[in-house]
Amino acid sequence: MVGEPASLPFSNYKLLQHPAVQAADIIHLHWVAGVLDYPSFFKNITKPIVWTNHDMNSVKGLFHYNGDEIRNKEITAKLDKEINAIKDEASKNMETKMVIVSPSNWLLKELERSTRFHNNNAFKIHNPLDTDLFTIRKTGDLRVSLNIPISHTVFLFVSQSIYNYRKGFDLLADALNKLNSENITLLIIGYSDNFQISNYNCINLGSVYDEKKLSNYYSLADAFIIPSREDNLPNVMLESLCCGTPVISFDLGGMGEVIVNNVNGLK
(Lines give C-alpha, C1' and ligand atoms only; values in the text may rest on other atoms or scores of the structure.)
Protein backbone atom coordinates (compact mmCIF):
# COMPACT_ATOMS: atom_id res chain seq x y z
CA MET A 1 0.00 0.00 0.00
CA VAL A 2 1.13 3.54 -0.70
CA GLY A 3 0.31 6.62 1.30
CA GLU A 4 -0.51 10.17 0.32
CA PRO A 5 2.47 11.99 -1.20
CA ALA A 6 4.55 14.19 1.07
CA SER A 7 5.22 17.75 -0.11
CA LEU A 8 7.94 20.31 0.38
CA PRO A 9 7.07 24.04 0.69
CA PHE A 10 9.50 25.05 -2.06
CA SER A 11 9.18 25.72 -5.77
CA ASN A 12 11.19 27.24 -8.60
CA TYR A 13 8.03 28.77 -10.11
CA LYS A 14 7.99 32.57 -9.91
CA LEU A 15 4.28 32.93 -9.23
CA LEU A 16 4.44 36.60 -8.35
CA GLN A 17 5.87 37.32 -11.78
CA HIS A 18 3.10 35.48 -13.63
CA PRO A 19 0.88 37.88 -15.65
CA ALA A 20 -2.31 36.33 -14.24
CA VAL A 21 -1.12 36.88 -10.67
CA GLN A 22 -0.01 40.42 -11.43
CA ALA A 23 -3.37 41.25 -13.04
CA ALA A 24 -5.52 39.68 -10.31
CA ASP A 25 -7.24 41.58 -7.52
CA ILE A 26 -7.58 38.45 -5.35
CA ILE A 27 -5.40 35.31 -5.35
CA HIS A 28 -7.32 32.04 -4.92
CA LEU A 29 -5.11 29.13 -3.87
CA HIS A 30 -6.12 25.47 -4.05
CA TRP A 31 -3.57 22.62 -4.32
CA VAL A 32 -0.20 24.39 -4.16
CA ALA A 33 2.32 21.57 -3.61
CA GLY A 34 5.24 21.89 -5.99
CA VAL A 35 3.95 25.20 -7.34
CA LEU A 36 4.05 27.65 -4.44
CA ASP A 37 7.29 28.62 -2.70
CA TYR A 38 6.17 29.40 0.87
CA PRO A 39 9.09 31.64 2.02
CA SER A 40 9.14 33.97 -1.00
CA PHE A 41 5.43 33.96 -1.83
CA PHE A 42 4.02 34.83 1.59
CA LYS A 43 6.76 37.36 2.27
CA ASN A 44 6.11 39.32 -0.92
CA ILE A 45 2.44 38.87 -1.77
CA THR A 46 0.42 42.04 -1.19
CA LYS A 47 -2.92 41.00 -2.68
CA PRO A 48 -5.66 39.40 -0.56
CA ILE A 49 -5.78 35.60 -0.63
CA VAL A 50 -8.55 33.02 -0.48
CA TRP A 51 -7.13 29.56 0.20
CA THR A 52 -9.46 26.60 -0.37
CA ASN A 53 -7.91 23.67 1.47
CA HIS A 54 -8.63 20.18 0.21
CA ASP A 55 -6.50 18.46 2.85
CA MET A 56 -4.39 19.37 5.91
CA ASN A 57 -1.09 20.15 4.21
CA SER A 58 -1.28 23.91 4.80
CA VAL A 59 -1.18 23.37 8.58
CA LYS A 60 1.13 20.36 8.57
CA GLY A 61 4.76 19.87 7.59
CA LEU A 62 5.44 17.22 4.99
CA PHE A 63 2.14 15.39 4.98
CA HIS A 64 -1.42 15.93 3.82
CA TYR A 65 -3.31 13.79 6.34
CA ASN A 66 -2.89 12.69 9.96
CA GLY A 67 -2.61 9.01 9.07
CA ASP A 68 0.39 9.43 6.78
CA GLU A 69 2.10 11.65 9.35
CA ILE A 70 1.60 9.07 12.12
CA ARG A 71 2.69 6.08 10.00
CA ASN A 72 5.91 7.80 8.91
CA LYS A 73 6.75 9.53 12.18
CA GLU A 74 9.74 7.39 13.09
CA ILE A 75 11.65 8.11 9.87
CA THR A 76 10.48 11.67 9.13
CA ALA A 77 10.03 13.35 12.53
CA LYS A 78 13.16 15.54 12.30
CA LEU A 79 12.54 16.68 8.73
CA ASP A 80 8.84 17.19 9.42
CA LYS A 81 9.72 19.48 12.36
CA GLU A 82 12.02 21.53 10.14
CA ILE A 83 9.36 21.88 7.42
CA ASN A 84 6.79 22.96 9.99
CA ALA A 85 9.18 25.64 11.22
CA ILE A 86 9.70 26.93 7.68
CA LYS A 87 5.94 27.12 7.08
CA ASP A 88 5.36 28.82 10.44
CA GLU A 89 7.97 31.45 9.65
CA ALA A 90 6.49 32.02 6.20
CA SER A 91 3.00 32.59 7.64
CA LYS A 92 4.40 35.07 10.21
CA ASN A 93 5.96 37.12 7.43
CA MET A 94 2.68 37.43 5.56
CA GLU A 95 1.23 40.94 5.75
CA THR A 96 -1.75 40.60 3.41
CA LYS A 97 -5.25 39.43 4.37
CA MET A 98 -6.20 35.79 3.86
CA VAL A 99 -9.44 33.83 4.20
CA ILE A 100 -9.34 30.06 4.73
CA VAL A 101 -11.99 27.89 3.06
CA SER A 102 -12.76 24.22 3.69
CA PRO A 103 -15.32 22.03 1.87
CA SER A 104 -16.23 20.20 5.11
CA ASN A 105 -16.77 20.99 8.79
CA TRP A 106 -14.38 18.17 9.66
CA LEU A 107 -11.45 19.69 7.77
CA LEU A 108 -12.40 23.19 8.94
CA LYS A 109 -12.01 22.06 12.56
CA GLU A 110 -8.67 20.42 11.76
CA LEU A 111 -7.44 23.67 10.21
CA GLU A 112 -8.70 25.77 13.12
CA ARG A 113 -6.74 23.64 15.60
CA SER A 114 -3.53 24.95 14.09
CA THR A 115 -1.94 28.20 15.27
CA ARG A 116 -0.40 28.78 11.84
CA PHE A 117 -3.33 30.74 10.42
CA HIS A 118 -5.30 31.39 13.60
CA ASN A 119 -5.61 35.10 12.82
CA ASN A 120 -7.45 34.42 9.55
CA ASN A 121 -11.19 33.99 9.10
CA ALA A 122 -12.27 30.49 8.04
CA PHE A 123 -15.44 29.31 6.31
CA LYS A 124 -17.01 26.12 4.98
CA ILE A 125 -17.96 26.15 1.28
CA HIS A 126 -18.88 22.89 -0.45
CA ASN A 127 -17.29 22.04 -3.79
CA PRO A 128 -19.62 22.83 -6.72
CA LEU A 129 -20.72 20.20 -9.23
CA ASP A 130 -22.20 20.28 -12.73
CA THR A 131 -25.56 18.63 -12.04
CA ASP A 132 -26.40 18.61 -15.75
CA LEU A 133 -23.39 16.36 -16.29
CA PHE A 134 -23.61 14.30 -13.11
CA THR A 135 -27.22 13.18 -13.25
CA ILE A 136 -29.28 9.97 -13.31
CA ARG A 137 -28.76 8.12 -16.60
CA LYS A 138 -30.19 5.03 -18.25
CA THR A 139 -27.42 2.43 -18.29
CA GLY A 140 -29.05 -0.80 -19.52
CA ASP A 141 -26.92 -0.91 -22.66
CA LEU A 142 -23.76 -0.26 -20.62
CA ARG A 143 -24.60 -3.13 -18.29
CA VAL A 144 -25.02 -5.43 -21.30
CA SER A 145 -21.75 -4.25 -22.87
CA LEU A 146 -19.90 -5.07 -19.63
CA ASN A 147 -21.55 -8.51 -19.46
CA ILE A 148 -22.97 -7.88 -15.98
CA PRO A 149 -25.72 -10.40 -15.16
CA ILE A 150 -29.12 -8.90 -14.33
CA SER A 151 -29.11 -10.76 -11.01
CA HIS A 152 -25.88 -9.10 -9.83
CA THR A 153 -25.61 -6.26 -7.35
CA VAL A 154 -23.09 -3.74 -8.71
CA PHE A 155 -20.68 -1.96 -6.36
CA LEU A 156 -18.38 0.83 -7.55
CA PHE A 157 -15.00 1.92 -6.14
CA VAL A 158 -13.15 4.99 -7.45
CA SER A 159 -9.66 6.16 -6.57
CA GLN A 160 -6.52 7.25 -8.37
CA SER A 161 -5.06 3.93 -7.22
CA ILE A 162 -6.37 1.02 -5.16
CA TYR A 163 -2.96 1.01 -3.45
CA ASN A 164 -3.50 4.36 -1.72
CA TYR A 165 -3.71 3.18 1.89
CA ARG A 166 -5.86 6.12 2.99
CA LYS A 167 -8.57 5.24 0.47
CA GLY A 168 -9.06 1.85 2.16
CA PHE A 169 -9.49 -0.50 -0.80
CA ASP A 170 -7.85 -3.24 1.26
CA LEU A 171 -10.71 -2.93 3.75
CA LEU A 172 -13.27 -3.28 0.96
CA ALA A 173 -11.53 -6.34 -0.49
CA ASP A 174 -11.36 -7.95 2.95
CA ALA A 175 -15.07 -7.28 3.56
CA LEU A 176 -16.05 -8.75 0.18
CA ASN A 177 -13.96 -11.86 0.85
CA LYS A 178 -15.87 -12.37 4.08
CA LEU A 179 -19.21 -11.79 2.34
CA ASN A 180 -18.37 -14.54 -0.19
CA SER A 181 -21.24 -13.92 -2.60
CA GLU A 182 -21.17 -14.88 -6.27
CA ASN A 183 -23.91 -12.40 -7.20
CA ILE A 184 -21.80 -9.24 -6.93
CA THR A 185 -19.96 -7.30 -9.60
CA LEU A 186 -17.30 -4.84 -8.43
CA LEU A 187 -16.41 -2.00 -10.78
CA ILE A 188 -12.99 -0.47 -10.10
CA ILE A 189 -12.03 2.91 -11.57
CA GLY A 190 -8.39 3.94 -11.18
CA TYR A 191 -5.09 2.10 -11.24
CA SER A 192 -5.75 -1.46 -10.08
CA ASP A 193 -3.17 -3.70 -11.81
CA ASN A 194 -6.08 -5.91 -13.00
CA PHE A 195 -6.99 -6.77 -9.39
CA GLN A 196 -9.33 -9.74 -8.86
CA ILE A 197 -11.25 -11.19 -5.90
CA SER A 198 -12.16 -14.88 -5.87
CA ASN A 199 -15.88 -15.59 -6.46
CA TYR A 200 -16.50 -12.02 -7.66
CA ASN A 201 -16.92 -10.47 -11.05
CA CYS A 202 -14.31 -7.69 -10.83
CA ILE A 203 -14.22 -5.29 -13.76
CA ASN A 204 -11.15 -3.07 -13.87
CA LEU A 205 -12.05 0.04 -15.86
CA GLY A 206 -8.73 1.85 -15.41
CA SER A 207 -8.56 5.64 -15.24
CA VAL A 208 -11.65 7.41 -16.60
CA TYR A 209 -11.17 11.05 -17.61
CA ASP A 210 -14.41 11.48 -19.56
CA GLU A 211 -16.88 12.88 -17.00
CA LYS A 212 -19.93 11.73 -18.96
CA LYS A 213 -18.58 8.15 -18.94
CA LEU A 214 -17.91 8.52 -15.23
CA SER A 215 -21.50 9.67 -14.72
CA ASN A 216 -22.69 6.54 -16.56
CA TYR A 217 -20.68 4.29 -14.24
CA TYR A 218 -22.10 6.03 -11.16
CA SER A 219 -25.62 5.54 -12.52
CA LEU A 220 -24.96 1.90 -13.33
CA ALA A 221 -23.88 1.01 -9.78
CA ASP A 222 -26.34 -0.04 -7.09
CA ALA A 223 -24.05 1.49 -4.48
CA PHE A 224 -20.81 3.46 -4.44
CA ILE A 225 -18.39 2.40 -1.71
CA ILE A 226 -15.85 4.78 -0.11
CA PRO A 227 -13.97 2.86 2.61
CA SER A 228 -11.56 5.76 3.29
CA ARG A 229 -9.68 5.79 6.58
CA GLU A 230 -9.53 9.60 6.32
CA ASP A 231 -11.16 11.94 3.82
CA ASN A 232 -12.32 15.51 3.40
CA LEU A 233 -15.37 15.86 1.14
CA PRO A 234 -14.66 13.57 -1.84
CA ASN A 235 -16.09 14.86 -5.10
CA VAL A 236 -16.68 11.25 -6.12
CA MET A 237 -19.18 10.92 -3.26
CA LEU A 238 -21.07 14.03 -4.34
CA GLU A 239 -20.98 12.97 -8.00
CA SER A 240 -22.41 9.57 -7.10
CA LEU A 241 -25.25 11.11 -5.12
CA CYS A 242 -26.07 13.45 -8.02
CA CYS A 243 -26.36 10.36 -10.21
CA GLY A 244 -28.88 8.84 -7.81
CA THR A 245 -26.51 6.19 -6.45
CA PRO A 246 -26.31 5.76 -2.66
CA VAL A 247 -22.94 5.86 -0.92
CA ILE A 248 -21.54 3.45 1.67
CA SER A 249 -18.71 4.77 3.85
CA PHE A 250 -17.38 5.00 7.37
CA ASP A 251 -18.89 7.70 9.55
CA LEU A 252 -15.95 10.09 9.34
CA GLY A 253 -14.74 13.25 7.63
CA GLY A 254 -17.00 14.94 5.13
CA MET A 255 -18.81 11.65 4.38
CA GLY A 256 -20.28 11.60 7.87
CA GLU A 257 -21.65 15.11 7.29
CA VAL A 258 -23.40 14.30 4.00
CA ILE A 259 -24.56 10.69 4.20
CA VAL A 260 -27.84 10.06 5.99
CA ASN A 261 -28.48 6.41 6.87
CA ASN A 262 -31.20 4.78 4.77
CA VAL A 263 -31.78 8.05 2.89
CA ASN A 264 -28.79 8.51 0.59
CA GLY A 265 -26.55 5.72 1.83
CA LEU A 266 -25.08 3.99 4.86
CA LYS A 267 -22.27 5.01 7.21
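Atoms considered below: every heavy atom in the structure, side chains included; atoms not considered: hydrogens, waters and symmetry mates. Predicted model only: the values in this text are computed from it and were never measured.
- Counted within 6.0 Å of CD on Gln160, heavy atoms from surrounding residues, nucleotides or ligands total 12 or fewer; the atom is thus considered open.
- Taking the charged nitrogens against the carboxylate oxygens, Arg166 and Asp231 do have a contact shorter than 4.0 Å, which makes a salt bridge.
- The two atoms that bring Leu62 and Asp80 nearest to each other are N-OD1, 2.7 Å, heavy atoms only.
- With contacts defined as side-chain heavy-atom distances shorter than 4.5 Å, the pair Phe157/Ile189 does not qualify.
- Remark: Thr52 engages His28 in a side chain to side chain donor-acceptor pair (under 3.5 Å) (not counting sequence neighbours).
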Side-chain donor-acceptor distances from residues 124-132 under 3.5 Å, at least two apart:
residue : atom : partner : partner atom : Å
Asn127  : ND2  : Asn235  : OD1          : 3.1
Asp130  : OD1  : Asp132  : N            : 3.0
Asp130  : OD1  : Leu133  : N            : 3.3

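- Counting all heavy atoms, side chain and backbone alike, Phe224 lies closest to Ser240 at CB-OG, 3.3 Å.
- In this structure, the separation between CG on Asn57 and CD on Glu69 is 10.5 Å, given to the nearest 0.5 Å.
- Between Tyr163 and Tyr191, the ring planes are tilted. Angles from 30° to 60° get that label.
- Separation of atoms CE (Met94) and CG (Asn119) is listed at 9.0 Å; rounding is to 0.5 Å.
- Put simply, the side chain of Ile49 reaches to within 4.5 Å of the side chain of Thr96, judged on heavy atoms.
- Other residues, nucleotides and ligands contribute only 12 or fewer heavy atoms inside 6.0 Å of the NZ atom of Lys213.
- Between Arg113 and Glu110 a salt bridge is recorded (basic side-chain N to carboxylate O distance below 4.0 Å).
- Contact detail for Arg143 and Ile150: the closest heavy-atom pair is NH2-O, 3.4 Å.
- The CG atom of Leu176 lies 7.5 Å from the CZ atom of Phe169; values are rounded to the nearest 0.5 Å.
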- Message: Pair Asn164, Ser159 - check side-chain hydrogen bond (donor to acceptor under 3.5 Å, both in side chains), show working.
- Response: CA-CA 8 Å; Asn164 184 330; Ser159 177; 5.1 Å; no

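- Put simply, the side chain of Tyr200 does not reach to within 4.5 Å of the side chain of Leu186, judged on heavy atoms.
- A donor-acceptor pair shorter than 3.5 Å can be found between the side chains of Asn66 and Lys60.
- The cluster map of Ile, Leu, Val, Met, Phe, Trp and Tyr, joined by side-chain heavy atoms under 4.5 Å apart, puts Val32 and Val99 in different clusters.
- Judged by distance alone, the side chains of Asn232 and Ser104 do bring a donor and an acceptor atom under 3.5 Å apart.
- Aromatic rings of Phe10 and Tyr38 (six-membered ring for Trp) have centroids beyond the 6.0 Å cut-off, not under it.
- The closest side-chain donor-acceptor pair between Asn216 and Thr139, if any, does not fall under 3.5 angstrom.
- Between the side chain of Asn120 and the main chain of Met98, a donor-acceptor pair closer than 3.5 Å is present.
- Ser192 approaches Asn204 most closely through the heavy-atom pair OG-OD1, 2.5 Å.
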- Query: So Leu15 and Ile45, side-chain contact (heavy atoms from CB on, under 4.5 Å) or not? Walk me through it.
  - Reply: CA-CA 10 Å; Leu15 284 185; Ile45 187 69; over 6 Å; no

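- The two residues Pro227 and Phe250 come nearest to each other via the heavy atoms O-CE1, 3.4 Å.
- Considering only heavy atoms from C-beta on, Val247 comes within 4.5 Å of Leu241 through its side chain.
- With values rounded to the nearest 0.5 angstrom, Ile225 atom CD1 is found 10.5 Å from Ser249 atom OG.
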- Go through Thr245 and Leu156 one step at a time and tell me if the side-chain contact (heavy atoms from CB on, under 4.5 Å) criterion holds. CA-CA 10 Å; Thr245 301; Leu156 174 64; over 6 Å; no

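- The distance from atom OG of Ser7 to atom CZ of Phe63, rounded to the nearest 0.5 Å, is 9.5 Å.
- Residues Leu142 and Ile203 are members of one and the same hydrophobic cluster, defined by side-chain heavy-atom contacts under 4.5 angstrom among Ile, Leu, Val, Met, Phe, Trp and Tyr.
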Using a 3.5 Å cut-off and no angle test, enumerate the donor-acceptor pairs between side-chain atoms of residues 255-267 and protein atoms at least two apart in sequence or in another chain.
residue : atom : partner : partner atom : Å
Glu257  : OE1  : Asn105  : N            : 3.0
Glu257  : OE2  : Asn105  : N            : 3.1
Glu257  : OE2  : Trp106  : N            : 2.7
Asn261  : OD1  : Lys267  : N            : 2.8
Asn264  : OD1  : Val260  : N            : 2.6
Asn264  : ND2  : Val258  : O            : 3.1
Lys267  : NZ   : Gly256  : O            : 2.8
Lys267  : NZ   : Ile259  : O            : 2.9

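- No single ILVMFWY cluster, assembled from side-chain heavy atoms under 4.5 Å apart, contains both Leu29 and Val50.
- Pairing each heavy atom of Val35 with each of Ser11, the nearest pair is O-OG, 3.0 Å.
- Hydrophobic clustering of Ile, Leu, Val, Met, Phe, Trp and Tyr side chains at less than 4.5 Å, counting indirect connections, keeps Val59 apart from Leu108.
- When side chains are defined from C-beta on, Leu111 does not count as touching Trp51, because their heavy atoms never get closer than 4.5 Å.
- For Asn12, the CG atom sits in a loose shell: 12 or fewer heavy atoms of surrounding residues, nucleotides or ligands are nearer than 6.0 Å.
- For His18 (side chain) and Ala20 (main-chain N/O), a donor-acceptor pair under 3.5 Å exists by modelled atom type.
- Taking the ring axis of Tyr165 as reference, the NZ or CZ atom of Arg229 stays within 45° of it and closer than 6.0 Å to the ring centre.
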- Query: Hey, mind stepping through Tyr65 and Glu230 against side-chain hydrogen bond (donor to acceptor under 3.5 Å, both in side chains) and telling me if it holds?
  - Reply: CA-CA 7 Å; Tyr65 280 92; Glu230 238 181 333; over 6 Å; no

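- Comment: Lys92 does not engage Asp88 in a salt bridge, judged by the lack of any side-chain N to carboxylate O separation of less than 4.0 angstrom.
- No side-chain heavy atom of Val101 sits less than 4.5 Å from a side-chain heavy atom of Asn53.
- Proximity of Pro103 to Leu107: side-chain heavy atoms (C-beta onward) are separated by under 4.5 Å at one or more points.
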- Given the rule in the side-chain contact (heavy atoms from CB on, under 4.5 Å) test, do Leu214 and Tyr209 qualify, once you have shown the distances and angles that lead to the verdict? CA-CA 8 Å; Leu214 189 57; Tyr209 300 104; over 6 Å; no

- Message: Using side-chain contact (heavy atoms from CB on, under 4.5 Å), reason through Ile184 and Asn201 one step at a time and then give a plain yes or no.
- Response: CA-CA 7 Å; Ile184 290 176; Asn201 180 31; over 6 Å; no

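- Both Phe195 and Leu179 belong to a single network of hydrophobic side chains, linked directly or stepwise wherever heavy atoms of I, L, V, M, F, W or Y lie under 4.5 Å apart.
- Ile148 has its side chain within reach of Leu187: a pair of non-hydrogen atoms, C-beta onward, lies under 4.5 Å apart.
- Using modelled atom types, one side-chain atom of Asp210 and one backbone atom of Lys212 make a donor-acceptor pair closer than 3.5 Å.
- With rounding to the nearest 0.5 angstrom, the CZ atom of Phe41 is 6.0 Å from the CG atom of Leu16.
- Taking a 6.0 Å sphere around CD of Glu74, one finds it holds 12 or fewer heavy atoms contributed by other residues, nucleotides or ligands.
- Side chain of Lys47 to backbone of Lys97: no donor-acceptor contact under 3.5 angstrom is found.
- Side-chain atoms of Ser58 and Arg116 form no donor-acceptor pair, as typed in the model, at a separation below 3.5 Å.
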